[in-house]
Each structure stands twice: as C-alpha cells, then as structure tokens.
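Sequence lines set the chain letters: A, B, ... in the order given, protein chains first and strands last, and positions in each chain run from 1. Just so it is clear, the model here is predicted, and its values are computed rather than measured.
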Amino acid sequence: MNYDFKKIESKWQKFWTDKQVFKAKLDSKKEKYYCLEMFPYPSGRIHMGHVRNYTIGDVVARYKRMCGYNVLHPMGFDAFGQPAENAAIKHNAHPREWTYKCMDWMKIELKKMGFSYDWDREVATCDPDYYKWNQWIFLKMMERGLAYKKASSVNWCPSCETTLANEEVIEGGCWRCKEPVMQKDLEQWYLKISQYQDRLLDDLGQLSNWSRRVIAMQENWIGKSVGCEVYFKLKENRQTISVFTTRADTIFGATYIVLAPEHPTLRDIEKRISNKDEVVLYIEKAKAKTKLERIEKGKTGVELKGVSTINPVNNEEIPIFVADYVLLEYGTGAIMAVPTHDQRDFIFAKEKKLPMRIVIENPKEKTQTVEDLEEAYVGDGHQINSGQFDGMPNQEAKIKIAQWMQDEGIGKLKTHWRLKDWLISRQRYWGTPIPIVYCKSCGIVGVPDKDLPVELPENIKITGEGGSPLLKVKEFVQVKCPKCKEPARRETDTMATFIDSSWYFLRYCSPKFEKSPFDKKEAAYWMKVDQYIGGIEHAILHLLYSRFFTKFLKDLGLVVIDEPFDKLLTQGMVLKDGEVMSKSKGNIVDPDGIIKKYGADTLRLFILFAAPPEAELEWNEAAIDGSWRFLMRVWRLLERVEDKNSTAELTRKLHQTIKKVTLDMDGGFKFNTAISAIMELVNEIYKQEKVNKDSLEIVVLLLSPFMPHAAEEMWQALGNRETILKTSWPTYDEKFLKVDRVIMVIQIKGKVRDKIEVELNTAKEKLEELVLSRDSVKKWMEGKQLKKFIVVANKLVNIVI
RNA sequence: GCCGGGGUGAUGAAAUUGGCAAACAUAACGGACUUAAAAUCCGUCGGCCGCAAGGCCCUGAGGGUUCAAGUCCCUCCCCCGGCACCA
C-alpha cells in the first residue's frame with residue numbers, strides 16, 4: 001500500500017475546509033479553550049519559525065478539541081508596517097496591494113501545513129474595519145488623559161525615518177533595521193502606560209503559567225526602585241537641589257553632591273559659579289558625547305567653585321560637582337555621593353582627592369579606615385558615624401532614616417520607575433491614522449466616533465524621500481474642524497504598529513462586530529486566551545503592551561479580566577548549523593520545499609520530536625528521514641491488522657502509552673516524549689507481528705494531533721465514517737496497567753549488583769530472605785555484616801553492609 | 001554588577017521529581033535479503049581494564065547531606081538571555 005502524501009494531505013485539507021470542522025461558536029454549555037499563536041507579519045512566505053510556532057499551537061488545539069473543549073483557534077495578519085512601504089517603492093505597487101497579495105500566499109502555505117484554523121475569524125489589522133477600533137480606543141484613552149501630546153527628546157531612526165518607542169530600541173539600535181538610534185526634539189503622541197505601572201508589575205504575580213524568564217524580563221523593564229528624595233539646600237541662597245537615592249542608610253557619608261550636565265539648576269546658579277568658563281566647557285563636551293561614550297570612559301567632572309550645599313542630616317557644608325556619570329533621566333538628575341559605599345563615587349573621589357567617611361562597618365574587617373579602603377564597601381553592616389542611628393543594622397536604618405527625613409521635612413519617600421510612557425507617533429504611511437484634527441481656535445480636537453474610521457487615502461506616492469507621505473495628500477490634510485467647522489489640519493502621523501497587536505486577540509472573539517471593538521458577551525466567554533504561543537522576542541514589547549491594553553479595556557468595562565494570557569509558551573528558535581536561520585546568513589530552509597519532498601505530516605513530526613517546544617531546535621535534514629520512516633512504519637501497520645484479541649502484554653503497553661502521552665500533553669506539552677512513547681508502542685507491535693483493529697485505532701488517535709492527515713486516512717481505512725476530529729481522546733484503564741510480577745533491582749551499598757523477579761508487593765521479610773540467599777549477593781556479603789536492608793516497594797532493595 | 005535560564009554519549013535528547021544514567025531517535029559500524037542498489041529487517045554503539053565471566057570510572061569542577069544524588073545543600077568555572085555609570 002503506497003502512501004501518496006500529496007494526494008492524501010490535500011484530500012483532507014479540502015475535507016476539513018468543506019465541512020467547516022474548525023468553526024468555533026459560543027456555547028455556554030461547553031467549556032471553552034482559546035488557543036492562540038502570535039499572528040504573522042505578511043511577508044509573503046512562511047519560514048521555519050512560523051512552522052514551529054503554528055505546529056505547536058495546532059497540536060494543542062487538536063488535542064483540546066478531542067478532549068471535548070469548545071476550541072477557538074483563529075489566525076490573522078499583523079498587516080501594517082514598514083516592509084510594505086519598502087516593497088511599494090521597490091515594486092512600484094501600493095502597500096495595500098502588496099500586503100493583500102502576501103496574505104494570500106501565506107494563507108496557501110498555512111493551509112498546506114494542515115493547521116486547524118477557523119478562517120472565518122481572520123483579522124487583518126490594515127482593514128479599516130479593524131483599525132477603526134484602534135482609533136476608537138485611542139480617543140477613549142485621550143478622554144481619560146491616557147493619550148497625550150508632548151514635546152520631548154525622542155528616539156529617531158535615521159534609516160526608517162521615524163520615531164521609536166523605548167521598547168523598540170535594542171542595544172542602542174532600531175529593532176527593525178539595527179541602525180543606531182539618534183535623539184531628536186519633537187512633539188509627539190504618547191500613551192500613559194506609566195499610569196498602569198503598579199498593576200503591570202503586581203499582576204505579574206498572577207501569571208503563574210508564564211516562564212520565570214519572561215516575568216524577569218518584564219520586571220527588569222518596568223524597573224521599580226524604592227528610595228527617597230533628599231533635599232539639599234544651596235548654602236548661598238537656600239535653593240533646593242533634590243537628589244534620589246535607594247541608599248538612605250549611607251547619607252551620613254555623603255561628602256559632596258553631583259549634578260548631571262543637563263541639570264536645570266546649573267543655569268539658575270550660573271552667575272554664582274566662579275569658574276564658570278571651565279564648567280561651561282565641561283558641560284558642552286559632555287553633551288556632545290553619546291551615551292556609549294559616557295559609559296566607556298572613566299569618571300570625569302568639575303567642581304562648581306563659589307557655591308556649596310548643606311547635607312541636611314548633619315548640616316555639613318559640602319561641595320557640588322558636575323559630572324557626566326550622573327544621568328539626567330534617572331531619578332532627579334542629581335546624586336549625593338558616598339565614596340565609601342558606592343564604587344562610582346569612590347573612583348571619582350579618589351581621582352579628585354575628596355574626603356570620605358565610612359558609615360557602615362564591614363563585619364569581615366576588624367578595623368577600617370578610609371585610608372585602607374581599596375574599593376567601596378557595598379555590603380551590609382551596622383551604622384557608624386550616623387548620629388542617632390549608630391549601631392543599627394543598615395537594612396533597618398535604610399527605612400528608619402528615610403522615614404525620619406520625611407518627618408523632618410528634609411526628604412520624601414519616593415519610587416522610581418524605569419518604564420516610560422509609550423511614544424506611538426510614526427512618520428509613516430502604512431499604519432493607523434491618528435484621529436486628531438488641529439484647529440486654530442479649538443486646539444487639539446479628536447475626530448468624533450461617527451466619523452471613524454479616519455481612512456488612509458489610497459492616492460499616495462511613496463518615494464522614500466523622507467517626511468510622512470500623508471503630508472503631501474491635500475485632501476487628507478485639509479479638513480474642517482469637527483467642533484467649529486473652520487478649516488483645520490489633520491494629524492499626519494500614524495500609530496505604532498504594536499497598537500494593532502495589543503488587542504487583536506479580543507477582536508477574534510467577534511471579528512465582524514460593528515458597535516465596539518468586540519462583543520463584550522463573546523469576549524466574556526472566550527477570554528482569557530488559555531494558551532498563547534510565540535517567540536521570546538516579544539517578551540517585553542508585545543506582551544507588555546497587550547497587558548496594558550487589557551487593563552485599560554477592563555477599566556472601560558469592556559472585559560472582566562486583568563490579564564489577557566493565562567498560559568504562555570515561548571517556543572525556541574529554529575537553528576541551522578548553530579545559527580538562527582536568516583536571509584543574510586543564507587542558511588534558510590524553505591518549509592515549502594520540505595513539504596513537497598516529505599509532506600506536512602513528516603515536517604510536523606520532525607519539529608515536534610526533535611526538541612521540547614521551549615528549547616532551540618537544530619535543523620537536521622537526516623533526522624527528517626527518521627520522521628518519514630516512522631510515519632511509514634505506522635502506515636504499514638494497516639497490513640498487520642487482524643481480528644484476534646491483543647495479548648495482555650500489548651494491551652498493557654497500549655494503556656501505558658495512552659497514560660504517558662496524556663500526561664505529557666497535560667503536563668506542559670512535552671510532545672517529544674509523547675511521540676517517543678508512541679514509537680515504543682509501535683516497536684512493540686512490530687515485535688508481536690499482528691495488531692488488532694481496536695489497538696491500531698488507538699495508535700492512530702494518539703498520533704492524530706501530530707500528523708493529522710495520515711491519521712485521518714488511516715482512520716478511514718480502518719472503516720470509520722466520522723472524522724477523527726469528532727472522536728474523543730482515548731482513555732486508559734488502570735486495571736490493564738496492573739502486573740503481578742515485577743523485576744526489582746538489588747543494590748549493595750548503592751551499586752546495582754543483580755536483579756530479581758518477584759510477586760508484586762512482596763513483603764520486606766520475604767524479600768530479605770529471597771535476596772540474601774542469592775549467590776550473587778552472598779559473594780558480596782562474604783565476611784561482611786548486614787547493617788540495613790532498605791526496600792523501595794516494587795522498585796529496588798539496597799543492602800548496607 | 002543585579003535578575004532569570006542552562007551545562008548529560010559522536011549528535012538531538014530522556015530520566016515517573018532522591019531510587020537501574022543515557023528511553024526514543026539521528027549518525028556510524030557489522031549482518032540478513034538483493035545480480036546490485038534503494039527500501040526493509042536484525043545486531044553493536046559513554047570511557048578504561050579483561051580472551052571471557054566480570055570489574056572500575058562517568059551527568060561543567062570541587063566538597064557536603066543520604067542506604068541511595070543528574071536531581072538536595074555549599075564553593076567555584078563556563079554558556080545563553082534581560083537590565084544596567086539605575087545612585
């Protein structure tokens with residue numbers, strides 16, 4: 001019996017489509033399961049990363065469906081973005097045309113993999129029916145003060161010619177093109193994600209089904225540091241300079257303060273500085289440096305002569321410096337320097353020969369003097385030289401001193417967050433227009449709901465010459481003010497595309513709903529996403545933004561959940577020769593070629609079997625042959641079917657396998673071991689020569705989520721009329737797992753020396769008698785005393801001599 | 001520096017959470033079938049000693065707890081990821 005995978009796979013793909021078997025419908029009587037994979041950018045072709053991501057998701061969806069859940073498994077396209085504009089320039093086609101063509105190609109390839117999507121719910125974010133709701137959500141945010149415009153220094157990618165959010169700057173470069181990011185002063189739109197910082201951090205605690213890795217990444221990104229602000233007064237005019245510290249316990253050791261070169265106070269006190277020329281020169285030099293240059297070099301800085309400040313906790317007069325190792329963007333842009341307990345301050349103070357004072361005793365050193373110090377002591381110890389706090393452990397003093405300063409009015413408890421508001425303006429065409437009109441008399445006016453969507457004009461020229469293409473479309477820019485009807489100007493920036501993907505999982509719940517972004521009833525039923533699957537590269541960007549949007553939509557009353565994704569699986573990358581597959585490295589393996597050569601089922605099997613889903617997967621062409629051989633081995637089992645009952649042994653193996661596979665699926669989707677268990681079962685059947693029909697049916701059912709086409713074909717060949725999809729996942733019966741005799745390991749002093757077959761649950765006394773009388777054991781016991789006889793029931797005995 | 005994850009045969013990996021380390025597969029080697037090849041089937045496959053029976057060693061390194069450690073504890077090395085002159 002020949003296995004013509006081309007015929008068989010397209011036959012079943014057509015069958016599934018025609019019968020609409022993957023269509024999801026709200027059914028309050030059934031328990032739902034929402035399985036979601038991160039939707040792709042429509043580049044035109046799927047790559048191995050997609051294949052892996054979507055294969056994992058498909059197995060989950062198919063398995064859960066067989067387990068009786070009402071499964072929602074949608075797919076769509078994250079269709080806005082710059083590559084469409086670049087392609088438009090290159091091929092002289094409209095970005096819309098190019099994007100939709102790519103989506104069509106990709107759909108064909110996805111269907112060839114046999115993925116079980118409900119295509120009726122397909123969402124494309126570049127569709128006005130979708131981005132209308134981006135605009136609606138934006139306006140709702142603006143009503144609540146969560147979307148606002150401000151002038152600021154922003155990240156600018158000179159190659160993409162657009163602004164970037166902080167999250168889009170990776171190692172100082174643009175996330176898309178890697179070009180070094182510059183700073184530019186611009187007035188731009190922001191979303192106030194900072195208003196949700198506490199909830200975004202605290203609710204990470206709810207995400208027990210997320211990996212520690214992703215949780216840690218988000219924690220780092222949000223970057224909460226608890227400390228206090230301390231008010232230092234200028235001696236000359238009592239002007240306040242605030243500094244931020246997380247180490248209030250070291251404040252008695254503060255022997256000078258340092259301002260960032262950009263600190264505004266510098267301008268205020270300029271006239272008082274006696275070495276003004278030197279200071280101004282230093283500041284200019286510092287500002288000219290890039291951030292990387294500032295970090296590379298040692299610590300430089302100059303003293304502000306003619307001014308000084310008072311340490312508020314001990315009223316000491318101390319000098320003021322300006323130095324570029326202090327950053328304006330962190331804390332208040334000014335620090336108190338404690339050279340004895342901060343390494344940076346230590347290096348600076350040594351260089352400038354500044355005074356130091358130890359205020360925390362290092363418990364490991366007997367006597368300590370400032371002269372002995374070779375580096376700052378940053379560990380814990382008891383306070384000294386700290387007034388009424390002397391003798392207190394520093395961790396306790398940290399809190400007590402901060403509180404005391406707050407009571408005295410010389411400081412304030414404060415928390416610093418690393419997370420900054422989300423810059424969303426992009427100077428590009430292919431994105432959601434920001435629904436704003438600028439009017440001379442009314443100011444910034446939001447487009448009224450009834451006028452949404454603000455559609456992208458079709459009639460544009462994309463030249464790549466810089467500046468937003470929308471600026472040049474008169475009909476788009478020139479509008480009447482929605483309030484006063486006078487001529488006004490439309491906003492020409494579009495929204496960051498990460499907005500599109502921040503709520504698409506909600507749109508899938510009711511993709512054609514017209515009254516609001518989604519139907520509350522449908523969302524209440526389907527959300528949360530039970531299993532979300534995608535790449536680790538979205539650990540911060542997309543996952544943080546989606547959590548933010550979900551919380552906002554909850555505050556709007558549209559959803560009842562705090563978090564959008566219950567379980568998160570971040571699949572590992574697909575590597576070739578130890579490197580990520582990429583065009584530039586020229587090490588791409590095209591999935592389409594593999595499908596043509598082996599079929600989708602073999603590709604699916606290989607990807608699932610070669611490594612656990614979270615681990616990186618090394619592409620190995622030879623190992624694919626192995627998957628193909630296994631599929632053929634299973635296929636040929638059809639020739640071995642007979643009517644007789646199975647042997648007890650095979651029945652036991654069968655039920656053992658059902659149990660093992662079920663546990664692997666439920667306990668974290670360990671597909672690789674699930675498949676290996678089925679391989680063992682198949683090997684067992686081959687040893688038995690024949691297999692009865694019922695047993696083979698179970699093998700087919702167990703394999704069906706992994707290789708759905710071949711499974712359906714075999715299922716039909718075995719005489720079944722109904723599709724496997726309507727068949728339940730097999731269950732195991734403990735009674736078949738029972739054995740009456742077991743083989744136990746005999747250890748002597750923890751080393752395996754022999755094995756013995758005994759009846760199940762043999763008593764310790766009986767075992768002792770049986771084991772000690774064996775020649776192999778006697779040999780080892782010779783001249784030795786039995787100390788202990790340890791029994792692990794039905795597993796092993798250990799003799800201690 | 002801080003936080004998170006790792007380190008097991010030639011290779012991808014497995015090990016019921018403290019109980020036979022290396023399941024399953026890939027590669028390699030040997031054999032059967034074949035005029036031959038492919039396919040298929042059978043066997044060998046961590047290291048050292050030994051003709052063999054068998055013995056000794058082995059999960060990054062070292063120490064510890066335990067009858068028993070890949071798994072728990074301590075010290076250290078290395079790799080990957082995030083954050084970082086973060087005060």
Counting only Watson-Crick or G-U wobble pairs whose two distances fall under 3.5 Å, which nucleotide matches C29(B)?
G43(B)

Looking at Arg629(A), does any N or O in its side chain come under 4.0 Å of the phosphate oxygens OP1/OP2 on C24(B)?
no

No-hydrogen, no-angle side-chain donor-acceptor test under 3.5 Å, Tyr325(A) and Asp345(A):
yes

Report the glycosidic orientation of U35(B): syn if within 90° of 0, anti in every other case.
anti

Side-chain contact check for Val752(A): nearest option of A21(B), C86(B), C24(B) is A21(B)

OP1, OP2 of C80(B) versus side-chain N and O of Arg213(A): anything below 4.0 Å?
no

When we call it a touch if two heavy atoms are under 4.0 Å apart, what does Asn683(A) touch: a base, just sugar-phosphate, or nothing?
sugar-phosphate

Side chain of Ile540(A): nearest nucleotide among A87(B), G19(B), G82(B)?
G82(B)

Would you kindly give the NZ-to-P distance between Lys670(A) and A25(B), to the nearest whole Å?
19 Å

Identified salt bridge (charged side-chain N to carboxylate O under 4.0 Å, His left out) counterpart of Glu680(A) within the set Lys687(A), Lys653(A), Lys660(A):
Lys653(A)

Is it the case that C20(B) (base atoms only) and Lys795(A) (side chain only) share a donor and an acceptor within less than 3.5 Å, ignoring hydrogens and angles?
no

Considering Watson-Crick and G-U wobble pairs with both distances under 3.5 Å, what does U16(B) pair with?
none

U34(B) and C57(B), which share atom name P, separated by this distance in whole Å:
49 Å

Watson-Crick or G-U wobble partner of A61(B), both distances under 3.5 Å
U75(B)

In whole angstrom, give me the gap between the P atoms of A23(B) and A10(B).
14 Å

Nearest-nucleotide pick for Ile790(A), side chain only, options being C85(B), C67(B), A87(B)
C67(B)

Side-chain N or O of Lys788(A) closer than 4.0 Å to phosphate OP1/OP2 of U66(B):
no

Given the C1' atoms of G82(B) and U17(B), what is the spacing between them in whole Å?
28 Å

Mind checking Ile678(A) for me? I need base, sugar-phosphate or nothing, with any heavy atom below 4.0 Å counting as a touch.
nothing

Distance between the P atoms of C80(B) and C86(B), in whole angstroms?
23 Å

Within the 4.0 Å heavy-atom criterion, would you say Val326(A) contacts the bases, only the backbone, or no part of the nucleic acid?
base

Tell me the interatomic distance from Trp628(A), atom CH2, to A38(B), atom P, rounded to whole angstroms.
18 Å

Selection from G19(B), A87(B), A14(B) that lies nearest to any side-chain heavy atom of Thr673(A):
A14(B)

Distance test, side-chain N/O of Arg418(A) to OP1/OP2 of A84(B), below 4.0 Å:
yes

Distance below 4.0 Å between Lys749(A) side-chain N/O and C67(B) OP1 or OP2
no

Find which nucleotide of RNA chain B each of Ala615(A) and Arg633(A) is nearest to by heavy atoms, and output the residue with the more 5' nucleotide.
Ala615(A)

When rounded to the nearest 0.5 Å, the distance separating CZ of Phe671(A) from CG of Asp664(A) is 10.0 Å

Does the base of A87(B) carry an N or O that pairs as donor and acceptor with the side chain of Arg247(A) under 3.5 Å?
no

side-chain N/O Arg212(A) vs G5(B) OP1/OP2, d < 4.0 Å:
yes

Does Arg357(A) offer a backbone N or O that forms a donor-acceptor pair with the side chain of Thr340(A) under 3.5 Å?
yes

Which nucleotide in A14(B), A23(B), C83(B) has an atom nearest any side-chain atom of Pro612(A):
A14(B)

Using the P atom on both, measure G7(B) against G12(B) and round to a whole Å.
12 Å

Could you give the distance from CZ (Phe244(A)) to NZ (Lys412(A)), rounded to the nearest 0.5 Å?
12.5 Å

Would Leu544(A) and Ile222(A) satisfy side chain to side chain contact (heavy atoms under 4.5 Å, CB included), going step by step from the backbone distance to the final call?
CA-CA 9 Å; Leu544(A) 187 68; Ile222(A) 297 168; 4.3 Å; yes

Stepwise side chain to side chain contact (heavy atoms under 4.5 Å, CB included) test for Val771(A) and Met744(A):
CA-CA 10 Å; Val771(A) 168; Met744(A) 292 181 72; over 6 Å; no

Look at the side chain of Asn798(A) against the base of C67(B) and say whether a donor-acceptor pair falls under 3.5 Å; ignore hydrogens and angles.
yes

Measuring from the side chain of Arg753(A) (C-beta onward, heavy atoms only), which nucleotide among C20(B), C56(B), C83(B) has the closest atom?
C56(B)

side-chain N/O Asn672(A) vs G12(B) OP1/OP2, d < 4.0 Å:
no

The Watson-Crick or G-U wobble partner of G1(B), with both key distances under 3.5 Å, is C83(B)

Within 45° of the axis and under 6.0 Å from the centre of the six-membered ring of Tyr686(A), does NZ or CZ of Arg633(A) qualify?
yes

With the side chain of Arg344(A) defined as its heavy atoms from C-beta on, choose the nearest nucleotide among C56(B), U26(B), A87(B).
A87(B)

When syn is taken as a glycosidic angle within 90 degrees of 0, is G70(B) syn or anti?
anti

Taking atom P in both A52(B) and C48(B), what distance in whole Å separates the two?
14 Å

